[in-house]
Amino acid sequence: MTVKKGMAEDALAAIQTHPRFIAGLIKVSKTGAFELHLDVEVRLPLHMADDGISTSGVLPIESVLVTLPDDYPWSSPHFQLRPDFPRNFPHLMPFASEPVPCLVEEDQDEFFLSFGLAETGVYRLFDQLGEWFDKAAISKLMNETQGWEPIQRRHKGAWVCCDAEKARAVARKQGGFCTWESTFRRAGEPTEKLLGGATATIFTDAVRIPLATGKNRHKFTSKASDRAVFRGATITGVIWPDKRPDGSLIVSDEYTPESITSLSELREHAEKLGCGRSLAAFFDNLRRRWQGKYIEAPIPIGIILCVRRPFNLIGTKSPIEILPYITEINAHEHWNDLFELGDDEPVVPATHLSRVTPALLRSLSDADQTDNLSVLGCGSVGSKIAMHWVRSGQTATVLADNRKLMPHNLARHQLGTDNLFENKAQALADKLQGLGSKPVVAKGNIITDLAKTQTRAVLIPRGTKAVLNATASLAVRDALYGQIPKTEIARFYETALLAEGHAGYLLAEGKHHNPSHGDLMAELCATMDTEQNKLMFDQDSQLGIVATGQGCGSLTMKMNDARLSAMSAMISEHLASEISNPLDSGAIWFAKHSIENLDTKWSRTSVASFDVVPIINMPDWSARISPRVIENMKADAARYPNVETGGVILGIANSRLKSITIVDLIDAPQDSKRTKYTFELGVQGLQSSIERRHRESGEALYDLGTWHTHLKDSGPSPTDLKTARALSTERQLPTVMLILTPKRIVAMSSISGGTK
């Protein structure tokens, strides 16, 4: 694309409307590019204006060259200051042969392209330039209140990835250096030099390692991969300044551009910053380490100079600025100097990139640090939630799964082809390590491991605050509540997708594990609407056998990755909210995904703790009664204040947990009889009402017995015992009778142990 003269004229016309514009004209460069030669007014303070120049070297009228690139208006104009403009300012682009101002914090092209009219973008950049000149004139491009502006380092051929805070932390009052274990990636032929075609990136986790010559010496390696890319082990030297002769700290208050290109220039620069002695000592140690050793490939090494500034850097609590560089050693078989070109060995001022840490991920996710999480089940849903959790800067302490990643899992799983036939938990943990999380991997059977003290401590280590059951397994749910001590402080959460991904739920238990996940699921079955019922229990959209090979299949649910990912993402959001703000009550999150408009609606239902009542004649069994059921019983009792009343109770029985969970009532039939001392349950329409509620609950809730009131606080009467015996002979399920008195609830059964 070639810039037309009309575009240049339009750009100049836009700038001419700005009050700072003094003069301007259009020229064509030797390369054929259109240039705008502009004179810009700088608003100097009066005393500086009288002098005709600011104390920092800025003139009252500055000349600026604006070049329109060949692809203008699809990229931003280039602004260039006069060649002799002072270079000791922040917000000057590094590595430019002529002074180039940094006009906006973000990428200048993105800023320019954010305006529909190119002329508006040019005008706004010119306006930014005027503000830049005004601040430069009075040396206010940075100040103590704002913080020290780090030197611009945007070289495209070198990067050092490390935790800047760890580099700042090693700097002592007395000068010195340390070496960090590092790795590198180098692109380019071995004969190519940095600044001459080769690029390099250094990665370090700030692990100290001595430059020893014995068996414990650090091993430098280099291994080629495709397209002239080399990877290997190296080091990074961290150097900090000496003290002055009088014992005071060396503080470098001059902002100097990064124009270093060689080893001699680096040494000179380090000397000015007070780091010269320590840099020389680092190089001497490096040479001794290589004495008598050689390697054919060039090895990039990182160098970080720690410089003390007069005030803290922007966004930090430290006055130490890190200045990273990369150079290379060439210890071939007949080397005389590690640096092949001696003082002329290329040195690149590297761009600093933060190492991936939870703190960095939290800052990018705008998330506060919350409790750590143990994930039980690393299938499609569990793997995506674990990845969301760690990418938001949180800690996954445990990943548990005993299955391997199979080809059909790739339709929806977070892992990829590189992990086929590997244990899911282990492969996922390996990926999360790259994000700064190091979860423990549990490859055993979750159900049996929860039952043993030693293996349970692996699944839920001490200090774990949250456990997610992402297995979609009722047995794992039961094991969490039946195999774990009641004193366990971790809060439990459970999630699963239903109806081919058109529904999903997240259960958050209450304080002290009450309500439990079993309580919450029973409550959901008792209160769900018709649409929820269809989504939860429609057999056509639930689990089925899907062919995964000739003669074999997998019990799974059909859904695409987009739907599963969208659902898992929102589950992760709600999970984070529940974990970071735990309440005494429990919660049910339920999602409905519309097939027609692809809209997903989430609802949250708060569930208070259940009343837990021991059952007479059923040792170790208890009745867990929904607070909603208790309210309904009391309301019925209030309607019949002078006689006994009652009805039928419905819920779920669990022999593994020895519990009967009561979440619904059926009103007494019209032929029931109420007196001051007795309540006789009628039969008119009762069986059909029980069967209807059983169907409406997805066949999850059963008739578990009866309830009635006592007008006084008394226990079971002989009539109650007789009725309980009669009930037990009529039912296959454990049977319970509840008695609501003015002060308490009594639960009883005539069946010892809860079974016939």
Side-chain angles (χ1 to χ4, degrees), residues 159 161-166 201 203-206 315 352-401 405 409-419 422-442 461 464-470 491 493-497 501 504 506 508 560-581 589 591 600 602:
W159 300 266
C161 301
C162 71
D163 187 337
E165 291 302 322
K166 291 184 178 179
T201 306
F203 306 89
T204 178
D205 288 324
H352 168 252
L353 296 177
S354 296
R355 200 78 163 113
V356 177
T357 63
L360 174 66
L361 297 175
R362 284 195 299 273
S363 67
L364 293 171
S365 303
D366 192 23
D368 295 326
Q369 186 170 1
T370 189
D371 293 331
N372 47 34
L373 178 69
S374 173
V375 181
L376 309 183
C378 297
S380 297
V381 174
S383 67
K384 291 183 185 289
I385 291 176
M387 186 63 76
H388 287 312
W389 186 255
V390 172
R391 278 182 170 156
S392 66
Q394 311 306 334
T395 302
T397 53
V398 175
L399 297 177
D401 205 305
L405 185 75
N409 295 141
L410 298 181
R412 299 188 295 262
H413 206 278
Q414 183 66 39
L415 297 171
T417 54
D418 291 346
N419 306 115
E422 296 179 9
N423 174 265
K424 292 179 179 179
Q426 184 63 65
L428 185 59
D430 292 342
K431 281 192 177 295
L432 297 185
Q433 282 195 22
L435 297 172
S437 189
K438 298 180 180 180
V440 172
V441 174
T464 298
K465 298 295 181 64
V467 177
L468 175 66
N469 174 14
R491 294 284 280 261
Y493 302 85
E494 179 181 318
T495 190
L497 298 185
L506 171 68
N560 62 40
D561 182 66
R563 192 180 311 143
L564 184 140
S565 297
M567 284 291 212
S568 299
M570 287 309 302
I571 291 170
S572 300
E573 290 274 296
H574 297 316
L575 176 65
S577 175
E578 293 290 340
I579 292 177
S580 60
N581 300 288
W589 285 94
T600 303
W602 284 86

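Heavy atoms only: backbone and side chains are in, while hydrogens, waters and symmetry mates are out. Keep in mind that what you see is a predicted model, and the values were worked out from it rather than measured.
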Starting at [atom1] of [X], measure out to [atom2] of [Y] and round the result to the nearest 0.5 Å.
X    : Y    : atom1 : atom2 : result
F203 : L353 : CZ    : CG    : 8.5 Å
L432 : L399 : CG    : CG    : 6.0 Å
S392 : Q369 : OG    : CD    : 10.5 Å
H388 : S568 : NE2   : OG    : 6.0 Å
I571 : I385 : CD1   : CD1   : 5.0 Å
D371 : S580 : CG    : OG    : 8.5 Å

Would you call the rings of W589 and H574 parallel, tilted or perpendicular if under 30° counts as parallel and over 60° as perpendicular?
-> parallel
With a 3.5 Å distance limit and no angle check, can you tell me whether [X] reaches the backbone of [Y] through a side-chain donor-acceptor pair?
X    : Y    : value
S437 : Q433 : no
T397 : P439 : no
S383 : H413 : no
Q394 : D368 : yes

May I ask you to test the [X]-[Y] pair for a side-chain heavy-atom distance under 4.5 Å?
X    : Y    : result
R355 : K166 : no
D401 : L428 : no
K384 : D561 : yes
L435 : M387 : yes
L497 : R563 : no

For [X] against [Y], the heavy-atom pair lying closest together:
X    : Y    : value
A427 : N419 : CB-ND2, 3.7 Å
C378 : K424 : O-CD, 3.6 Å
L410 : L415 : CD2-O, 3.9 Å
N372 : T464 : OD1-CA, 3.2 Å
S354 : L360 : CB-CD2, 3.9 Å
I579 : A466 : CD1-CB, 3.7 Å

Could you walk me through whether L575 and T495 pass the side-chain contact (heavy atoms from CB on, under 4.5 Å) check?
-> CA-CA 9 Å; L575 176 65; T495 190; over 6 Å; no
List for me each residue that meets ring pair (Phe, Tyr, Trp, His ring centres under 6.0 Å) alongside H352, sequence neighbours excluded, and say none if there are none.
->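 Testing H352 for ring pair (Phe, Tyr, Trp, His ring centres under 6.0 Å), a comparison that skips the adjacent residues, returns none.
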Residues in salt bridge (charged side-chain N to carboxylate O under 4.0 Å, His left out) with D430, at least two apart?
->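 D430: no salt bridge (charged side-chain N to carboxylate O under 4.0 Å, His left out) contacts found.
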Cationic N near anionic O, under 4.0 Å, K431 to D418 = no
